[in-house]
Asker: 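This is the structure, below, for whatever I ask next.
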Amino acid sequence: MNGSQQRCAVQLSNDYGAYFEGFDTQSAYEFYQAIRGRLPSANFPERAQYMSGLLDVAPHCDVFVFDAFGVLNVGQTAIEGAAKCVAALRDMGKQVYIITNAATLPKPQSIEKFQNLGFDFSGAEIVTSRMAAENALATKKAGLWGVMSKADFHPDDLSVNCILLEEDANVYDQVDGLLFLSTWEWTTKRHEILMRSLANNPRPIVVANPDVIAPLEARFSTEPGYVAHEITNQLGIMCEFHGKPFPSVFELVEAKLPTNFDRSRICMIGDTLHTDVLGGAAQGWSTVLVSDHGLFRGHDVQTFITDSRIVPTYVVPSI
């Protein structure tokens, strides 16, 4: 693969891209490594077992928890065979769930999204980082929250008093805290307003999507986790993260299981080392790295496993 093919990652927004460089696999990996000290710690197996597909892992686990992007779908396209794999696991009597860091949509729309992709996950089987972030917001002092999201965001979708962050600097200055849901319509101008406002008055930041990138059909998007870590790098403001690899979202799945359930029989399936594999291992779960559709598509994943020492229990090309 030549350099131009490898560097397929660009920003979703031209304005946003003018401020932040687009990521490819190597630069995204290096960024994750640079923030490793802010991520959970975990124990890993000595080496990963390479399997031909997820059904080969089935005898070893009872609960299968899927990441979405890079595992079930790439962008708005379902990965071939993914729905059949989920159905086959159900037929074996396995429990299946989704944990997704996609925080743009409230839960009803998330259910609809997966149904439109051809999956039959019920509402009870879908756990989002946004749900974990909303639980955290409910415990905080009342105030006005500024929300990074798309223009179709509805303040009534959250249980706190909130307002969409657009291009009015006065709004940024008046909010008591910030909630990051989506960078889909984030721009250079908005980011510069945010940085000036935070430099003058640091406030709490809750991040409902800790991802640095997400795989689309022909590129990567840059996600709220990157923006949050850059705020920490530049301003020293520590953000509160909800979503993989942080524990609150995994705990929402564990709450659905018996209290004495063997965590090693829960399997987290994802496409990244620093979110899916690290987060699952930190919970004591087994982990599967999917190599062909997400962050490491077109690359030798063992190189990154060896360098990072984040070792999945299993590696499969596709589920």
Asker: Under 6.0 Å from the ring centre and within 45 degrees of the ring axis: does the NZ or CZ of R90 meet both conditions for the six-membered ring of F121?
Answerer: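 Here R90 passes the 6.0 Å and 45° test against F121.
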Asker: Could R263 and E254 be called an ion pair, given the rule that one side-chain N must be under 4.0 Å from one carboxylate O?
Answerer: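 Result for this pair is yes, salt bridge flagged.
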Asker: So, H299 versus Y29, ring centres under 6.0 angstrom or not?
Answerer: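 Ring centroids of H299 and Y29 are no less than 6.0 Å from each other.
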Asker: Within a 6.0 Å radius of atom CD on Q109, are there more than 12 heavy atoms belonging to other residues, nucleotides or ligands?
Answerer: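 Yes.
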Asker: Looking just at side-chain N and O atoms, do Q302 and T306 make a donor-acceptor pair shorter than 3.5 Å?
Answerer: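 Side-chain D/A pair, Q302 to T306: present.
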Asker: Less than 4.5 Å apart, any side-chain heavy atom of V288 and any of V315?
Answerer: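 Counting from C-beta outward, V288 and V315 never come under 4.5 Å.
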Asker: Please evaluate residues Y32 and L278 with respect to the criterion side-chain contact (heavy atoms from CB on, under 4.5 Å), reporting the C-alpha separation (whole Å), side-chain torsions for both, the decisive distance (0.1 Å), and the verdict.
Answerer: CA-CA 11 Å; Y32 274 122; L278 177 60; over 6 Å; no
Asker: Could you pull out the closest heavy-atom pair between A103 and S129, with the gap in Å?
Answerer: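 Minimum heavy-atom contact is CB-OG, 3.9 Å.
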Asker: Is the shortest side-chain N to carboxylate O distance from R297 to D292 below 4.0 Å?
Answerer: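 Here R297 does not pair with D292 in a salt bridge, since their nearest N and O are not under 4.0 Å apart.
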Asker: To the nearest 0.5 Å, tell me how far N101 CG sits from D276 CG.
Answerer: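 The CG atom of D276 is 7.5 Å from CG of N101, to the nearest 0.5 Å.
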Asker: Check the pair H242 / S248 against side chain to side chain donor-acceptor pair (under 3.5 Å), numbers first and verdict last.
Answerer: CA-CA 6 Å; H242 295 278; S248 57; 2.8 Å; yes
Asker: Should we count CZ of R265 as having more than 12 external heavy atoms under 6.0 Å?
Answerer: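 Yes - once you tally the heavy atoms of other residues, nucleotides and ligands closer than 6.0 Å, there are more than 12.
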Asker: Any chance NZ of K256 has more than 12 other-residue heavy atoms, nucleotides or ligands included, within less than 6.0 Å?
Answerer: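 More than 12 heavy atoms, drawn from other residues, nucleotides or ligands, come within 6.0 Å of this atom.
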Asker: Are F69 and H293 close enough that their ring centres sit under 6.0 Å apart?
Answerer: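 Ring centroids of F69 and H293 are no less than 6.0 Å from each other.
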Asker: Would you say the side chain of L72 lies within less than 4.5 Å of the side chain of L117, judging by non-hydrogen atoms?
Answerer: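 The answer is no, as the side chains (C-beta and beyond) never meet within the 4.5 Å cut-off.
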Asker: Would you compute the distance between atom NZ of K244 and atom CD of Q283 and round it to the nearest 0.5 angstrom?
Answerer: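 Going from the NZ atom of K244 to the CD atom of Q283 covers 13.0 Å.
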Asker: Parallel, tilted or perpendicular: which describes the rings of F119 and F114, with under 30° parallel and over 60° perpendicular?
Answerer: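 The arrangement is perpendicular - the two ring planes meet at more than 60°.
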Asker: Under the criterion side-chain contact (heavy atoms from CB on, under 4.5 Å), which of V175, D176, I237 is the partner of R203?
Answerer: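 It is V175; the other options fail the test.
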Asker: If you measure from the Lys or Arg side-chain nitrogens to the Asp or Glu carboxylate oxygens, is any gap between E167 and K189 under 4.0 Å?
Answerer: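 Yes.
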Asker: Could you tell me which non-hydrogen atom of P215 sits nearest to which non-hydrogen atom of D271, and how far apart they are?
Answerer: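 Heavy atoms only, the tightest pair is CG-OD2, 4.1 Å.
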Asker: Is the distance between the ring centroids of Y314 and Y50 less than 6.0 Å?
Answerer: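 No, they do not, as the ring centres are separated by 6.0 Å or more.
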Asker: Can you list the steps and then say if Y226 with F31 is a ring-ring contact (aromatic ring centres under 6.0 Å, His included)?
Answerer: CA-CA 9 Å; Y226 173 75; F31 189 88; 4.9 Å; yes
Asker: Determine whether I319 and V71 make a side-chain contact, defined as any pair of heavy atoms from C-beta on separated by less than 4.5 Å.
Answerer: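 Side-chain contact under 4.5 Å: yes.
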Asker: So which atom in L158 and which in R130 form the shortest heavy-atom distance, rounded to 0.1 Å?
Answerer: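 Reported closest heavy-atom pair: CD2-NH2, 3.9 Å.
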Asker: Set out, in order, the CA-CA distance, both residues' side-chain angles and the distance that settles side chain to side chain donor-acceptor pair (under 3.5 Å) for E223 and S221, then state yes or no.
Answerer: CA-CA 6 Å; E223 299 296 327; S221 63; 2.3 Å; yes
Asker: Looking at E240 and K140, is any side-chain nitrogen of the basic one under 4.0 Å from a carboxylate oxygen of the acidic one?
Answerer: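 Salt bridge between K140 and E240, a charged N being under 4.0 Å from a carboxylate O: yes.
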Asker: Can you tell me if T183 uses its side chain to pair, donor with acceptor, with the backbone of W186 under 3.5 Å?
Answerer: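 Looks like no, no N/O pair under 3.5 Å.
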Asker: Report the C-alpha distance between F66 and Y97 in whole Å, list the side-chain angles of each, state the deciding distance to 0.1 Å, and finish with yes or no for ring-ring contact (aromatic ring centres under 6.0 Å, His included).
Answerer: CA-CA 6 Å; F66 294 88; Y97 295 94; 9.9 Å; no
